[in-house]
Amino acid sequence: LGLNCILHTVLAGLAEPQELPRSTHPQRDTSRHLETPISKTIFRRTIYLPGEHDIQDFRTMKLPVTFAILCGTSPSLARIIRSFPSGVPGSGYGCSNTCGGPSDKADVYYTIRASLETYVVTNSEGGLPGFPDDVPPNEPVSMFTRTFTGVKEESSPFCNGGYDGTTGALGPCLQVLPGQIVKIRLINDMTDGMEKLKQHETSIAEYWELVKEPGQPNLDPIGWFGPTPETPGDMIVTNDQDIPGADTSFDNVNLHFHGMQIVRHLFYPQGTNNASAPWITLTPDNSESRCFCYVFEIPFDHPQGTFFWHIHRHGSVAMQAWQGMVGFLQVGNVESAGSPDNDLAKQGVIRDEFIALWEWSVDPKHRVAGTSTFFEGNFIQRNDYIQTFLTNNGYQPTYSMYVGETVHVRLLCAQTTTGSGIYILDEDDNMIPFWVFASDGISYSHAVQHESILIGPGQREGVLLQFSKAGKYSIMQQILNDMQVGGNSGGDAPLGFIEVSNDIPVDYKGILNIDISTLKFTPGMSGNITEEDVINQNSINFEVQSIKMKAPVPQFIINGVEFDSSRIVEREVAAVATSWTLTSNMNYFHPFHIHVNPFQVIMMHTGNITGTVGETSLEDAVFDTNLNPHPMWRDTVFIPPFGMTVIRQRFGESVAWTGKTVFHCHFLDHEDQGMIAAMMIVDPTTKKPTTAPTTSSKSSKVQTKKKSITSIESTTEGGV
């Protein structure tokens with residue numbers, strides 16, 4: 001059988017390669033992870049391609065696909081290891097790079113501009129909670145802000161009704177299909193933003209103010225350690241990368257495509273496997289680094305659902321996220337088989353809504369003279385700073401539905417420093433259940449009913465709403481603070497309202513009163529990662545220290561060390577599975593996110609946390625949101641206070657991308673101050689690290705297992 005497979009594979013490889021259609025999405029073979037002896041043999045049959053490949057080569061790779069079919073595996077199981085040591089062809093700096101359009105062989109292309117703009121906050125007439133009371137009753141509040149906008153004439157169609165980011169702070173809505181080549185041109189036009197917004201890099205003096213006279217309510221419960229510095233000069237700074245604004249300007253920018261299983265794209269050159277590679281950084285005052293072209297290929301078996309994109313230049317992430325520099329990214333559409341849009345439309349659900357939750361942080365003293373236009377303050381926030389929770393580009397919007405109508409809500413938590421408990425109340429304050437069928441862009445096979453959910457920054461939920469009675473319903477948002485002291489609440493208020501009407505049009509094309517429990521969905525990921533699949537085991541501890549003599553304050557560290565972008569903390573082998581034990585040994589929530597590859601949530605444990613989300617205990621809400629159904633596929637998950645979360649992850653499905661990447665806490669003020677770590681995904685042919693030995697949490701036994709697997713599978717040239 002083995003010789004027959006090899007012979008037919010070679011013969012197929014000699015045949016003329018045929019280009020695959022650009023927008024098709026082959027059905028997945030759900031047997032890929034069947035628990036049989038033969039499946040474990042199949043798992044070892046990985047196809048490796050030598051060295052560096054042009055972005056177009058993936059479409060003509062008939063050889064590995066034929067091998068997979070003839071030798072008893074599915075095409076999606078023929079894992080292709082892809083490395084770009086010199087960068088992805090076509091990507092890079094330079095404003096002369098057109099980066100898109102038919103001449104560049106891109107299926108989808110967007111031009112996105114980062115700039116400073118003024119926008120009205122919808123539904124804010126007369127002011128917002130906590131704002132100065134001199135805003136005229138009929139005048140809305142406006143924001144002067146950093147933002148992303150799409151350039152329509154240089155872009156493919158935008159999703160969400162063609163939303164291009166020009167009418168509000170949130171960035172444009174991008175859409176792609178599995179199998180497509182995507183090019184995104186980013187232009188930084190935020191010239192003199194620091195000056196115009198009256199901002200400065202975070203100073204040691206500001207940290208000193210926090211510790212010289214403890215009294216900050218968000219720091220005192222940690223407990224202070226060591227002597228108090230007498231002057232700012234007495235404080236120790238061991239790495240200015242973790243002082244926001246010191247290593248980079250708040251006007252510098254780059255992009256991360258959150259949850260997308262695509263080539264690694266934070267460090268330069270795009271896709272690099274150089275441990276000392278710098279961040280991709282666009283500056284507004286340099287002709288070469290003002291523009292960057294990102295080039296991606298979406299795998300043919302990529303999950304279809306709701307993803308998003310956002311800024312990710314360490315040191316400026318929180319400041320830019322507080323201004324709404326994020327956008328939706330929709331994979332799939334109503335015509336693409338296997339997408340939730342297609343699945344729902346075939347079953348009578350014809351409407352969706354995009355809802356992003358985010359924090360707008362305002363210094364009330366930063367105001368355009370004589371107007372109701374406000375703007376952001378600095379990183380160290382004083383007690384008089386205002387934190388306003390917005391829904392999309394406004395405050396507490398109202399949506400309309402019909403009785404019996406089912407609406408798909410694409411819910412994104414794009415908050416910076418908090419999470420949200422979500423529940424729904426009717427006019428009598430009774431909780432109304434709702435359904436969730438997808439988490440982090442990955443669909444389940446069926447929807448699960450909830451009375452409340454608890455979502456953290458970076459998480460997305462595919463929600464289905466249906467109401468049996470007319471009336472006004474409140475979608476409640478209960479703010480989750482990172483640190484838990486005597487309860488979780490940062491307050492709760494409606495994030496929006498839903499007006500439900502009996503006036504159903506005669507030409508309504510959807511199906512009313514659907515039994516949501518009977519709806520079927522194409523699973524975004526098929527099969528489970530079993531304990532037998534796991535080759536590596538990692539232990540990662542997220543810790544918050546409060547040493548008075550050391551800046552930043554507090555110190556956010558992982559496994560006892562601060563962040564250094566050139567320190568590789570973990571090295572993982574492409575296409576093999578790892579188990580992560582994630583812990584928080586303090587009374588802090590930490591939303592854990594790892595780039596590019598999703599994982600399955602296996603187990604969660606927490607200490608004694610109190611509080612509720614609506615009428616649900618906080619503990620039940622966080623467990624139910626991340627473990628039901630079990631095991632749940634996600635790309636972002638909470639580590640509870642005094643708790644532990646165990647996940648399993650495979651670094652690549654049909655395509656495994658090597659290169660330098662990161663994992664981090666998605667509370668972005670934690671990340672900017674050090675709670676982030678660099679890691680390297682390596683080709684199995686790698687013989688030695690690209691730099692000095694790494695800091696690793698693996699046991700010697702696990703390292704031995706990895707070595708044996710590498711020797712079995714390594715047949716490729718090139719690699720890292």
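Both backbone and side-chain heavy atoms feed into the values below; hydrogens, waters and symmetry mates do not.
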Separation between CG (Leu329) and CG (Leu174), nearest 0.5 Å, reads 5.5 Å
What is the ring orientation for His310 with His666, classed by angle as parallel under 30°, tilted 30 to 60°, or perpendicular over 60°?
-> perpendicular
Residues in side-chain hydrogen bond (donor to acceptor under 3.5 Å, both in side chains) contact with Asp624, at least two apart in sequence or another chain | His450, Asn628
What are the two closest heavy atoms between Ala447 and Leu464, and how far apart are they?
-> CB-CD1, 4.5 Å
Without swapping roles, check the side chain of Ser339 against the backbone of Val331 for a donor-acceptor pair under 3.5 Å.
-> no
Does any N or O in the side chain of Gln304 come within less than 3.5 Å of the main-chain N or O of Ala337, such that one atom is a donor and the other an acceptor?
-> yes
Test item: Tyr294 side-chain N/O and Leu255 main-chain N/O as donor-acceptor pair under 3.5 Å = yes
Nearest heavy-atom contact between Gln270 and Val263 is NE2-CG1, 3.3 Å
Between Asp440 and Asp635, the two heavy atoms sitting closest are OD2-N, 2.9 Å
Does a side-chain heavy-atom distance below 4.5 Å link His265 with Phe296?
-> yes
Which atom pair, heavy atoms only, marks the closest approach of Glu297 to Arg82?
-> OE1-NH1, 3.2 Å
Quick check: does any side chain N or O of Arg264 sit under 3.5 Å from a backbone N or O of Ile262, one acting as donor and the other as acceptor?
-> no
Might you work through the side-chain hydrogen bond (donor to acceptor under 3.5 Å, both in side chains) test for Gln459 and Thr636, ending with a clear yes or no?
-> CA-CA 6 Å; Gln459 292 187 313; Thr636 308; over 6 Å; no
Answer whether the closest heavy-atom distance between the side chains of Met603 and Phe623 falls below 4.5 Å.
-> no
Closest non-hydrogen atom pair between Pro178 and Ile298, with its separation = CA-CG2, 3.8 Å
Flag the pair Arg410 and Glu461 as a salt bridge only when some basic side-chain nitrogen lies within less than 4.0 angstrom of an acidic carboxylate oxygen.
-> no
For Val334, does its backbone N or O pair with a side-chain atom of Asn342 as donor and acceptor, under 3.5 Å?
-> yes
Is there side-chain contact between Trp580 and Ile594, with at least one heavy-atom pair below 4.5 Å?
-> yes
For side-chain contact (heavy atoms from CB on, under 4.5 Å), just list the numbers for Phe542 and Ile557, CA-CA rounded to whole Å, side-chain angles, deciding distance to a tenth of an Å, and then say yes or no.
-> CA-CA 6 Å; Phe542 284 54; Ile557 58 178; over 6 Å; no
Does the separation of the ring centres of Phe437 and His408 fall below 6.0 angstrom?
-> yes
When you look at Thr272 and Asn274, which way does the side-chain hydrogen bond (donor to acceptor under 3.5 Å, both in side chains) test go after all the steps?
-> CA-CA 6 Å; Thr272 182; Asn274 182 351; 5.2 Å; no
Ignoring hydrogens and angles, tell me if any N or O in the side chain of Trp309 forms a donor-acceptor pair with the backbone of Phe328 under 3.5 Å.
-> yes
Using atom types as modelled and distance alone, determine if a side-chain donor or acceptor of Arg460 lies under 3.5 Å from a backbone N or O of Leu411.
-> no
Rounded to the nearest 0.5 Å, the OG atom of Ser584 sits from the CZ atom of Phe592 at a distance of 13.0 Å
Here the gap from Ile516 atom CD1 to Phe434 atom CZ, rounded to the nearest 0.5 Å, amounts to 11.5 Å
Check: Ile181 and Val108 side chains under 4.5 Å, non-hydrogen atoms | no
Please answer whether the main-chain N or O of Gly271 pairs with a side-chain N or O of Lys660 as donor and acceptor at a distance below 3.5 Å.
-> no
Is Ile647 close to Ile602 at the side-chain level, that is, under 4.5 Å between some pair of heavy atoms?
-> no
When you check the gap from the basic side-chain N to the acidic O, do Lys520 and Asp343 get nearer than 4.0 Å?
-> no
Set of side-chain contact (heavy atoms from CB on, under 4.5 Å) partners for Thr583, sequence neighbours left out = Asn541, Thr581, Met644
Do Lys346 and Asp341 meet the salt-bridge criterion of a basic N to acidic O distance under 4.0 Å?
-> no
Is a donor on one side and an acceptor on the other found under 3.5 Å between the side chain of Gln449 and the backbone of Trp435?
-> no
Kindly indicate, with the supporting measurements, whether the criterion side-chain hydrogen bond (donor to acceptor under 3.5 Å, both in side chains) is fulfilled by Glu570 and Asn536.
-> CA-CA 11 Å; Glu570 295 292 344; Asn536 301 324; over 6 Å; no
Gln649 and Thr578: side chain donor to acceptor below 3.5 Å | no
Between Asp683 and Thr658, is a side-chain hydrogen bond (donor to acceptor under 3.5 Å, both in side chains) present by the stated rule, with each step listed?
-> CA-CA 6 Å; Asp683 189 295; Thr658 69; over 6 Å; no
Atom CD of Glu562 and atom CG of Asp564: how far apart are they, to the nearest 0.5 Å?
-> 7.5 Å
Is the gap between the ring centers of His595 and His258 under 6.0 Å?
-> no
Yes or no on side-chain contact (heavy atoms from CB on, under 4.5 Å) for Gln537 and Arg648, after CA distance, side-chain angles and deciding distance?
-> CA-CA 9 Å; Gln537 297 193 31; Arg648 293 179 190 151; over 6 Å; no
Phe267 and Trp279: ring-ring contact (aromatic ring centres under 6.0 Å, His included), yes or no, with the steps?
-> CA-CA 4 Å; Phe267 298 96; Trp279 296 96; 4.5 Å; yes
Are any of the side-chain heavy atoms of Pro523 and Ser443 separated by less than 4.5 Å?
-> no
Do you see a donor-acceptor pair shorter than 3.5 Å between the side chains of Arg650 and Asn597?
-> no
For Phe599 and Val637, what are the C-alpha separation, side-chain angles and deciding distance, and is it a side-chain contact (heavy atoms from CB on, under 4.5 Å)?
-> CA-CA 9 Å; Phe599 47 75; Val637 66; 3.8 Å; yes
Would you say Glu532's side chain and Val534's backbone share a donor-acceptor pair under 3.5 angstrom?
-> no
Taking C-beta and beyond as the side chain, do Cys665 and Phe556 meet within less than 4.5 Å on heavy atoms?
-> no
Answer yes or no: does atom NE2 of His630 have more than 12 heavy-atom neighbours from other residues, nucleotides or ligands under 6.0 Å?
-> yes
Does CD in Glu335 sit with more than 12 non-hydrogen atoms of other residues, nucleotides or ligands closer than 6.0 Å?
-> no
Could you pull out the closest heavy-atom pair between Leu177 and Asn333, with the gap in Å?
-> CD2-ND2, 3.7 Å
side-chain hydrogen bond (donor to acceptor under 3.5 Å, both in side chains) involving His670 - partner list, sequence neighbours excluded = Asp482, His590
Arg634 versus Thr625: any side-chain heavy-atom pair under 4.5 Å?
-> yes
